[in-house]
Amino acid sequence: MRVIAAFFTLLCLTIGLNAHADDKLPPVVMELIKVSEHVYYVQGAPGAATQNHGFISNAAVIVTDEGVILFDTLGTPALAQLFLQKLKKVTDKPVKKVIVSHYHADHIYGLQVFKDLGAEIIAPAGAEEYLNSENAETLLASRRSDLAPWVNADTRLVKPDRYVDGNEEITLGGVTLKLIFNGKAHSDGDQSVLVEPDGVLLIGDLIFEGRVPFVGDANTKIWLERLKDMAQGKLTAMVPGHGPMSKKPQEVIKTTVQYIEFLRETMGKAVEDMTPFDEAYAATDWGDFIHLPAFEEANRRNAYQVYLSLEQEGMQ
């Protein structure tokens, strides 16, 4: 039954059917973009998680002579199948490993496709907090409704084969990857990957290129520290968790650093002065960021989360 369901979802993607007859969503367009000698990626569209058949995040590929390593697997099994089709056009090598940047739904529901092919799943420590939470099952149930048939009864949460709780190196086919453990930054557990021979950084959701980041329940203090460390490296390109890759990684990192620093500075002063959040938010000049996509949808929520987290930091 699982094979039949997977075939059906892939067929729907291929012929461009929408999830429901009255949907106005376009068919999924996915292009495998070459970044460097060994690295390719696919870029999701901007928008909410339930738009574009769930194709809103990025996933990357590292191709070596001995096999393929993936970085994230997209937000539905059907998208992962389409991703695999694209990959087969550039290499006939098997997928050996999948490195998960973090356990958020738009990056992990494609995992089962590659797990079933025998790939090793590697996740950052802390991801187990999400996997063991009630929210993980609740969100999956919600996506089965909101993203049917792309997420359906056969879609399952895939636990990693192992967790990484520090920096380490992986070498496959002569290509060395540096796994950078970011800890609880954007999520309960985050990691990035530096493809060393190419100087390409796969940074995950520590960067949302071209839009206001989603802060959620992030630890912005650690997030900032990690970004500043990465900005010191000699990089030729960076692939974010959302948005286009950049050939000027330091500039992109700087923009996100400035945004998070501004949130912490303004909301930190409000907390210190015991100014109510609504008053502090209304009094803040957001002019440097108001032009960014998703500002209206994300900024107030981001500011409130930082306000609350800084209250907690002050109590420690």
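By convention here, the first residue in the shown sequence is residue 1.
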Peer 1: Determine the interplanar angle of the H242 and H107 rings, folded into 0 to 90°, and report it as parallel if under 30°, tilted if 30 to 60°, perpendicular if over 60°.
Peer 2: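 Correct class here is perpendicular.
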Peer 1: Do the non-hydrogen side-chain atoms of L172 and K96 ever get within less than 4.5 Å of each other?
Peer 2: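 Yes - at least one pair of side-chain heavy atoms lies under 4.5 Å apart.
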Peer 1: Heavy-atom count around K248 NZ within 6.0 Å, excluding the residue itself: above 12?
Peer 2: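 No, NZ of K248 has 12 or fewer neighbouring heavy atoms, counting only those of other groups under 6.0 Å.
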Peer 1: Of all the heavy-atom pairs spanning K184 and N219, show the shortest one and how long it is.
Peer 2: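 Looks like O-CB, 3.2 Å.
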Peer 1: May I ask you to decide whether R300 forms a salt bridge with D278, counting only side-chain N to carboxylate O separations under 4.0 Å?
Peer 2: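 Yes, R300 and D278 are salt-bridged.
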Peer 1: Please determine if R143 and D106 form a salt bridge, counting it only when a charged side-chain N lies under 4.0 Å from a carboxylate O.
Peer 2: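 A salt bridge is absent here (no side-chain N lies under 4.0 Å from a carboxylate O).
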Peer 1: Please name the pair of heavy atoms, one in A125 and one in D165, separated by the smallest distance, quoted to 0.1 Å.
Peer 2: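 Looks like CB-CB, 3.8 Å.
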Peer 1: Looking just at side-chain N and O atoms, do T171 and T176 make a donor-acceptor pair shorter than 3.5 Å?
Peer 2: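 Yes.
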Peer 1: So do the side chains of F214 and D205 get within less than 4.5 Å of each other, counting heavy atoms only?
Peer 2: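 The answer is no; the side chains never approach within 4.5 Å.
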Peer 1: So does R162 pair up with E120, basic N to acidic O under 4.0 Å?
Peer 2: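 Yes, R162 and E120 are salt-bridged.
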Peer 1: Between S192 and N182, do the side chains contain an N or O donor and an N or O acceptor separated by less than 3.5 Å?
Peer 2: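 There is such a pair (donor and acceptor under 3.5 Å, judged by atom type) between the side chains of S192 and N182.
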Peer 1: Please find the pair of heavy atoms, one from D188 and one from Y130, that lie closest to each other, and give the distance.
Peer 2: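 Heavy atoms only, the tightest pair is OD2-N, 3.8 Å.
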Peer 1: Please give me the minimum heavy-atom distance between V42 and E31, naming the atom from each residue.
Peer 2: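 Closest approach of V42 to E31, heavy atoms only: CG1-O, 3.4 Å.
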Peer 1: Looking at E261 and K228, is any side-chain nitrogen of the basic one under 4.0 Å from a carboxylate oxygen of the acidic one?
Peer 2: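 Yes.
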Peer 1: Show the numbers, then the answer: is there a side-chain contact (heavy atoms from CB on, under 4.5 Å) between N52 and V29?
Peer 2: CA-CA 9 Å; N52 200 39; V29 176; over 6 Å; no
Peer 1: What distance do L194 atom CG and M238 atom CE have between them, rounded to the nearest 0.5 Å?
Peer 2: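 Between L194 CG and M238 CE, I get 12.0 Å after rounding to 0.5 Å.
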Peer 1: Do R264 and V306 have side-chain heavy atoms sitting under 4.5 Å apart?
Peer 2: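 Yes, their side chains come closer than 4.5 Å.
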Peer 1: Any side-chain donor paired with an acceptor under 3.5 Å for Y259 and N302?
Peer 2: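 Note: Y259 and N302 side chains meet the donor-acceptor criterion.
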Peer 1: Atom OH in Y103, atom CG in L111: separation rounded to 0.5 Å?
Peer 2: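 Taking OH in Y103 and CG in L111, the distance rounds to 5.0 Å.
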Peer 1: Should the pair Y304 and Y307 be assigned to parallel (<30°), tilted (30 to 60°) or perpendicular (>60°) ring geometry?
Peer 2: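 Judged by the thresholds at 30° and 60°, the geometry between Y304 and Y307 is parallel.
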Peer 1: To the nearest 0.5 Å, what is the distance between CD1 (I99) and CG (D72)?
Peer 2: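 I99 atom CD1 to D72 atom CG measures 9.5 Å (nearest 0.5 Å).
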Peer 1: The test is ring-ring contact (aromatic ring centres under 6.0 Å, His included); show your working for H104 and Y109 and say whether it passes.
Peer 2: CA-CA 9 Å; H104 278 175; Y109 287 164; over 10 Å; no
Peer 1: Distance check, rounded to the nearest 0.5 Å: Y163 atom OH versus I121 atom CD1?
Peer 2: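 Here the interatomic distance stands at 11.5 Å.
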Peer 1: Check step by step if salt bridge (Lys or Arg N to Asp or Glu O under 4.0 Å) holds for D161 and K115.
Peer 2: CA-CA 10 Å; D161 295 294; K115 179 65 176 177; 2.5 Å; yes
Peer 1: Looking at CD1 of I207 and CG of N58, how far apart are the two atoms once the value is rounded to the nearest 0.5 Å?
Peer 2: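 So the CD1 of I207 and the CG of N58 are separated by 12.5 Å.
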Peer 1: Can D273 and K269 be said to form a salt bridge (Lys or Arg N to Asp or Glu O under 4.0 Å), step by step?
Peer 2: CA-CA 6 Å; D273 295 343; K269 187 175 187 308; 2.7 Å; yes
Peer 1: Side chains of Q43 and Y41: any donor to acceptor distance under 3.5 Å?
Peer 2: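 Side chains of Y41 and Q43: pair found under 3.5 Å.
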Peer 1: Measure across I56 and Q51 and return the closest heavy-atom pair with its distance rounded to 0.1 Å.
Peer 2: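 Residues I56 and Q51, closest heavy atoms: CG2-O, 3.9 Å.
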Peer 1: Report the C-alpha separation of T138 and N135 in whole Å, then their side-chain angles, then the decisive distance to 0.1 Å, and conclude whether the side chain to side chain donor-acceptor pair (under 3.5 Å) test is met.
Peer 2: CA-CA 5 Å; T138 300; N135 181 53; 5.6 Å; no
Peer 1: Heavy-atom distance under 4.5 Å between the side chains of L206 and D190, does that happen here?
Peer 2: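 L206 vs D190: side chains touch.
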Peer 1: Looking at F71 and S101, what are the two nearest heavy atoms and their distance?
Peer 2: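 Where F71 meets S101 most closely, the heavy atoms are CZ-CB, 3.4 Å.
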Peer 1: Enter the distance from H186:NE2 to T220:OG1 here, rounded to the nearest 0.5 Å.
Peer 2: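 Atom-to-atom, H186:NE2 and T220:OG1 are 13.0 Å apart.
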Peer 1: List the steps and the verdict of ring-ring contact (aromatic ring centres under 6.0 Å, His included) for F289 and F295.
Peer 2: CA-CA 7 Å; F289 308 103; F295 177 87; 8.0 Å; no
Peer 1: Judged by modelled atom types alone, do S36 and D198 share a side-chain donor-acceptor pair under 3.5 Å?
Peer 2: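 Yes.
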Peer 1: Heavy-atom distance under 4.5 Å between the side chains of V175 and V195, does that happen here?
Peer 2: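 Yes, their side chains come closer than 4.5 Å.
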Peer 1: Tell me, do E129 and S133 make a side-chain contact under 4.5 Å, heavy atoms counted?
Peer 2: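 No; the side chains remain at least 4.5 Å from each other.
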Peer 1: Take K254 and L227 through the side-chain contact (heavy atoms from CB on, under 4.5 Å) test and state the conclusion after the steps.
Peer 2: CA-CA 8 Å; K254 182 180 178 181; L227 288 178; over 6 Å; no
Peer 1: Hey, can you tell me if F114 and F83 have their rings parallel, tilted or perpendicular (30° and 60° cut-offs)?
Peer 2: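 Geometry flag for F83 against F114: perpendicular rings.
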